[in-house]
There are 2 protein chains.
Amino acid sequence: MNKSRVTVVDIARAAGVSKSTVSLVLQSSPLVNETTRAKVNATIRELGYVYNRGAANLRQSASSRIIGIIVNDLTNSFFAELAVGMDMVMQSAGYVQFLSNSAESVDRQREVIASMREHGIAGLIISPARGTEASDLKPLAASGIPVVAVVRNVVGAKVSTLFSDNYAGAKDAVRHLIDLGHRRIAFLGGIANTTVFAERVQGWRDALAEAGLGAPDSCVIGSTASRAGGVAAIERALSLPEPPTAALCFNDAAAFGVCDGLRTAGKEPGRDFGVVGFDDVIEAETAVPALTTVSVDPQGMGRRAAQMLLKQVNAGRVEPETIVSSVRLVVRQSCGAGLKDKTRRISA
Amino acid sequence: MNKSRVTVVDIARAAGVSKSTVSLVLQSSPLVNETTRAKVNATIRELGYVYNRGAANLRQSASSRIIGIIVNDLTNSFFAELAVGMDMVMQSAGYVQFLSNSAESVDRQREVIASMREHGIAGLIISPARGTEASDLKPLAASGIPVVAVVRNVVGAKVSTLFSDNYAGAKDAVRHLIDLGHRRIAFLGGIANTTVFAERVQGWRDALAEAGLGAPDSCVIGSTASRAGGVAAIERALSLPEPPTAALCFNDAAAFGVCDGLRTAGKEPGRDFGVVGFDDVIEAETAVPALTTVSVDPQGMGRRAAQMLLKQVNAGRVEPETIVSSVRLVVRQSCGAGLKDKTRRISA
DNA sequence: TGACAAATTTGGAACGATCCAATTATTTGA
DNA sequence: TCAAATAATTGGATCGTTCCAAATTTGTCA
């Protein structure tokens, strides 16, 4: 049933021209006569010809219009949005993406990179799995394939990097909680051994120090960067001898978990406890209470990353640049900002 | 800087054998002598050779190890999980995926399909955008490329299909609410003009009829299949002359929105109003109250879809089959099941 | 040692498109 | 009308791999 595919030669024969002419038509070259072009195009439609990009890419000059995207956790809506942002840009630029989920496994990530290389990607955007080393990206750089690392950076790797200003975002968020009258502010959720975590904690610490407040280590409660992790973290936080009255959470998922945990403990987020998230995922706005959070705009970040990569692909040369994407605190209800002082109950 | 790539011929020359021998080594053919194999492999490592799959796929017999995946909305965690399930299977089977987000646009979907075809995909899994027609998939089928449609079906298209038992799931859910004593049960959220919606509403309707209860059209309140849509739907539901006391929601996202909306209206989901979702996304378990929902296991569905496709790809022939994946009601707190009768307040 | 089989190795022709240099067709100008 | 300029078309080599048929090496046995 699988009739052998139609090629330029078949078109050429049917249209009574040479394969070279067909090729020129395919590239909509101005060299070919209008009448001929029309005839060839008609034949193409008629025979149901499908262009074979693989064959075209074989010529050494050509660069494939395939780019690779590797994401560490696609089930996390932050990364899903990031991928969607990239997809938008790539698609309108006429590229297709190999998109893979490393699920935080460096081994899997290595395999995927190797496979993508064999398929001749023109560039790679990677949100690296935890534990990714510069050597994992070395071979790509060596063969001149542009790489953009997003969200997390890979120390020692000479690749372009795009991440959000975690430090400033965390600092702003904590300052805001301090302005609202909070004095004991915890940092909840997230996996401690990561750059992003360290940056956010540092922002938290410095904001507290600035205000002359203590930043005890007991108030930094790591867990997973998920809803379940948030529940666990707030549980531990509330059992401290001097429990906090507010918290900056590692990300929105953890913040939602913290809200859940607060309710289980009979406290209403926003009224009895200030909660601030990080990322500003779509649900943050519609949740109840609406989540105060540091907006990172993952989709926008994905778009920017894609543009960075395409710039390098088109330039044909790799010049690593690092861009720190600025963030902005979006004040909603979960921090308690909208409430009158008597309604908010913080035993400060 | 971009040194011309290393090819089998380079390896052959360096190792002092012919390119044919190198090719045999690459395919780990038993024909080649162990000593030679070792020598060639050493040279391959030494020169940093990268296999060029594009060139290999050029030979007509070969089928590419690339499959396409198109998803209608990757920002929806249900579909993200679906994609992750597929990714798992494909990756361990040695395939790479082109993954694209159609964002519910048939035009974009058409472009992506065309592009994937030009890149020579061996098969396609698609969760079709709304409004997808059989003609959109026709060319693929015509060239013998297996297609599996998931979640939604495409009427008239002769492709394999995998979807969940929406009817039975909805029916079970509503029966359960009836058993809990509810008499006015609404159907909230979702876009009315879709097969999935119709199937779920039919389940809802039949369960009510079975119990001799009315299923007035005013109790079916469509909106978007999102959190925001859920909020809007419950608002309208509560303003009905005889407001419902419980609802089956189109999906979990809408169900979360319904919970949010209930709280805004001063009602506690689970206690004052029974809420049941559909899909069982990860957050359903950890939310407060934990969401009672019809478990669809999107990741598992993704895995099954991938297996269905690979089976066809390997068999080399396309024999459309339809699989209805069974679902199961997971009872948690949001329906009010765990509460004693006096705690639950339904004015039945 | 020679004949034959088995084990290895190897040119060269594909695969489908591109691109260069060369050829042929059509205009243009005096 | 003819040479020169321009427009349009075309063979053939090439990209990196596979695969066939044929050639070469090695091994076995009488």
Side-chain angles (χ1 to χ4, degrees), chain A residues 2-41 43-44 47-66 115 117-122 143, chain B residues 2-41 43-44 47-66 115 117-122 143:
Chain A
N2 202 343
K3 46 202 134 194
S4 62
R5 45 192 168 192
V6 180
T7 78
V8 273
V9 185
D10 299 319
I11 302 295
R13 213 185 337 256
V17 295
S18 78
K19 61 183 166 46
S20 305
T21 305
V22 177
S23 175
L24 289 174
V25 171
L26 287 175
Q27 309 169 70
S28 37
S29 152
L31 289 181
V32 43
N33 183 293
E34 274 314 314
T35 329
T36 319
R37 184 194 308 283
K39 190 171 54 186
V40 172
N41 277 326
T43 316
I44 284 176
L47 299 194
Y49 167 76
V50 179
Y51 185 83
N52 182 335
R53 276 186 200 283
N57 286 145
L58 208 48
R59 320 258 16 251
Q60 61 192 149
S61 56
S63 96
S64 84
R65 293 185 84 76
I66 303 177
S115 169
R117 240 161 58 96
E118 295 187 350
H119 280 97
I121 52 171
S143 38
Chain B
N2 202 345
K3 48 203 133 193
S4 61
R5 43 193 169 191
V6 180
T7 77
V8 273
V9 185
D10 299 318
I11 302 294
R13 216 188 330 262
V17 295
S18 77
K19 61 181 166 46
S20 306
T21 306
V22 177
S23 176
L24 289 174
V25 172
L26 287 175
Q27 309 169 70
S28 38
S29 151
L31 289 181
V32 42
N33 182 293
E34 273 315 314
T35 328
T36 318
R37 183 192 307 282
K39 190 171 53 187
V40 171
N41 277 327
T43 315
I44 284 177
L47 299 194
Y49 167 76
V50 179
Y51 185 82
N52 183 335
R53 276 186 201 281
N57 285 145
L58 207 48
R59 320 255 23 251
Q60 60 191 152
S61 56
S63 97
S64 84
R65 293 185 84 74
I66 303 178
S115 169
R117 241 162 56 96
E118 295 187 351
H119 280 97
I121 53 170
S143 38

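Convention: sequence-line order gives letters A, B, ...; per-chain numbering from 1. Basis for what follows: all heavy atoms, side chains included, without hydrogens, waters or symmetry-related copies.
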Check: Where do B/R117 and B/S143 land on the side-chain hydrogen bond (donor to acceptor under 3.5 Å, both in side chains) test, with the steps shown first?
Finding: CA-CA 10 Å; B/R117 241 162 56 96; B/S143 38; 2.9 Å; yes
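Two residues are said to be in side-chain contact when any heavy atoms from C-beta on lie closer than 4.5 Å; A/R13 and A/D10 meet this criterion. Looking at heavy atoms from C-beta onward, A/V40 lies out of side-chain contact with A/L24 at the 4.5 angstrom threshold. Looking only at side-chain heavy atoms (C-beta outward), B/N52 and B/T7 stay at 4.5 Å or farther from each other.
Contact detail for A/H119 and A/I66: the closest heavy-atom pair is O-CD1, 4.2 Å. Of all heavy-atom pairs between B/A12 and B/S18, the closest is CB-C, 3.6 Å. Shown here for B/S64 and B/G120, the closest heavy-atom pair between the two residues is OG-O, 2.6 Å.
When the P atom of C/dG16 is taken as reference, atom CD1 of A/I11 falls 12 Å away, rounded to whole Å. Per the geometry, CG belonging to B/N52 stands 16 Å off P belonging to C/dG16, to the nearest Å. Following rounding to the nearest Å, A/R65 (CZ) and C/dA17 (P) show an atom-to-atom distance of 18 Å. Between the CG atom of B/N57 and the C1' atom of D/dT18 there is a distance of 11 Å, rounded to whole Å. Note: CG (A/L26) to C1' (C/dC19) measures 14 Å, nearest angstrom.
Put simply, B/Q27 has no side-chain N or O that comes within less than 4.0 Å of OP1 or OP2 on D/dT17. Taking 4.0 angstrom as the limit, A/S23 places none of its side-chain polar atoms (N or O) nearer than this to OP1 or OP2 of C/dA17.
Counted by atom type alone, B/S23 and B/S20 present zero donor-acceptor pairs between their side chains at under 3.5 Å.
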Item checked: Nucleic acid footprint by protein, nucleotides 8-15 of chain D - heavy-atom cut-off 4.0 Å, B for base, S for sugar-phosphate alone -> SSBBBBBB
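The rotation axes computed at either terminus of the helix from C/dT1-D/dA30 to C/dA30-D/dT1 lie 40° apart, taking five pairs at each end and rounding to 10 degrees.
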